[in-house]
Amino acid sequence: MKDELRWNKIFGAILGAALLLLFVRVGAEMLFAPPKLAKPGYAIAVNTGPAAPTAEAADTPPDWGTELAKADVAAGAAVSQKCASCHNFANGGPNQTGPNLWGVIGRKPGSHDGFAYSQAMTDFGGKTPVWDYQHVYEFLSGPQAYISGTKMSFVGLKQRQDRLNLIAWLRQQSSSPVAIPAAKP
Ligand code: HEC
C-alpha cells in the first residue's frame, strides 16, 4: 500500500512535468510563430540585379558645360507653364505672386524692384551674389528645403531633366544670357 502511493506520486510528478512542457511549447509557438509566407511554398531569395538608381543617386550636380548645351529648350518652355501662375517672364513684365523673372539667372537673389521678398530670400541674397545655374537648380528641386522660410509655395521640379531643360530656357529669357561654362574635361 505504501509502495503504491509512492508510485502514484511519481507518475503524478511525471505527468505534471509533461503537461508543463506541453504548455511551454504551445506558448512558445504562439509567441515565436514562423512568419507566414504570402504564397505557400519556400521563400527563395532572388537577386534581381542592382537596385534602380534612386532619385538621390541620380541627382549628381550637373556638368553645366555639357548638359546645358544639350538640354531641350522647347521642353523647358513647356515646364515653365508650371511657374506661370505666379511668375511673369517678359522683359519689363510685372511682379505677380512671385517676382518678374526676366534675366533672373545672373541676378542677385531677392533684388527685383518692387517685389516684397520674404526675409528668408533677402537673407539668401545677402550671402549669395547671383542666381547661377547651380543655385537655381538646387532651389527648384525643393524651394522650401533649399531656402527655409521662402514664400515661394511650389513643391519643386522632381525630375532632374525638367530642371535642366527649364534652366536652359530660363537662361534665354534675358537681355544678356549668362555664358555656358566650358565642359569639364
Ligand atoms: C505658387 C506661386 C509660385 C510658383 C508656382 C513658382 N514660384 Fe517662384 N517665387 C514665388 C514667390 C512668392 C517668390 C518669392 C520668394 C520669397 O521672397 O521668398 C518666388 C521666387 C522665385 C525665384 C527667386 C527670384 C528672385 O528675384 O530672387 C526664382 C528663381 C523662382 N521663383 C523661380 C520659379 C520657377 C522657375 C518656377 C517654376 C518651375 C516657380 N518659381 C514657380 C512664387 C512661385
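Just so you know, ligand 1 is whichever comes first in the structure, and atom 1 is the first atom listed for that ligand. Everything quoted here is computed from the prediction, not taken from an experiment. One is the number of the first residue; the rest follow in order along the sequence.
Across every non-hydrogen atom of Q96 and N88, the tightest pair is OE1-N, 3.4 Å. Of all heavy-atom pairs between T128 and P109, the closest is O-CD, 3.2 Å. Heavy-atom minimum distance, F154 versus K82: CE1-O, 4.0 Å. In terms of heavy atoms, L164 sits closest to A71 at O-CB, 3.9 Å.
When only non-hydrogen protein atoms are considered, atom 15 (C) of ligand 1 lies nearest to T150 OG1, 3.3 Å. The protein heavy atom nearest to atom 17 (O) of ligand 1 is S118 N, 2.8 Å. Nearest to atom 26 (O) of ligand 1 among the protein's heavy atoms is Y117 OH, 2.5 Å. Summary of contacts: the protein heavy atom closest to atom 12 (C) of ligand 1 is T97 O, 3.2 Å. Nearest protein heavy-atom contact of atom 29 (C) of ligand 1 is V104 CG2, 3.9 Å.
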Show the numbers, then the answer: is there a side-chain contact (heavy atoms from CB on, under 4.5 Å) between Y137 and I167?
-> CA-CA 7 Å; Y137 177 87; I167 289 169; 3.7 Å; yes
Yes or no on side-chain hydrogen bond (donor to acceptor under 3.5 Å, both in side chains) for N95 and H112, after CA distance, side-chain angles and deciding distance?
-> CA-CA 9 Å; N95 293 323; H112 194 260; 3.1 Å; yes
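At a heavy-atom distance under 4.0 Å, only side-chain atoms of L166, from C-beta outward, approach ligand 1. Contacts of K151 with ligand 1, taken as heavy-atom pairs under 4.0 Å, involve both backbone and side chain. Counting heavy atoms under 4.0 Å from ligand 1, residue L170 does not touch it at all.
Nearest residue to atom 25 (C) of ligand 1 from W169, F115, W131, F139 is W131 (criterion: closest heavy atom).
Looking at residues two or more places apart in sequence or on another chain, you find a side chain to side chain contact (heavy atoms under 4.5 Å, CB included) between Q172 and V73.
Ring orientation note: the planes of Y146 and F139 are tilted relative to one another, at an angle of 30° to 60°. Note on ring orientation: taking the six-membered ring where Trp is involved, the planes of H135 and W131 are perpendicular (angle over 60°, cut-offs 30° and 60°).
Residue R107 has at least one N or O atom closer than 3.5 Å to an N or O atom of ligand 1.
Residue contact check: K82 has heavy atoms under 4.0 Å from atoms 5 (C) of ligand 1. Using a 4.0 Å cut-off to heavy atoms of S153, the atoms of ligand 1 that qualify are 1 (C). Taking every non-hydrogen atom of G110 and a distance limit under 4.0 Å, the qualifying atoms of ligand 1 come out as 25 (C), 26 (O), 27 (O). Those atoms of ligand 1 with a heavy atom of P109 less than 4.0 angstrom away are 27 (O).
Within a 6.0 Å sphere centred on NZ of K151, heavy atoms belonging to other residues, nucleotides or ligands number more than 12. For CD of Q159, the number of neighbouring non-hydrogen atoms (other residues, nucleotides, ligands) closer than 6.0 Å is 12 at most.
Using a 4.5 Å heavy-atom threshold, the side chains of Q144 and S153 count as touching.
Using a 4.0 Å cut-off between a side-chain N of Lys or Arg and a carboxylate O of Asp or Glu, K184 and E67 do not qualify as a salt bridge.
Heavy atoms of A120 stay at 4.0 angstrom or farther from ligand 1.
The count of protein N, O or S atoms under 2.8 Å from atom 8 (Fe) of ligand 1 stands at 2, with waters excluded from the count.
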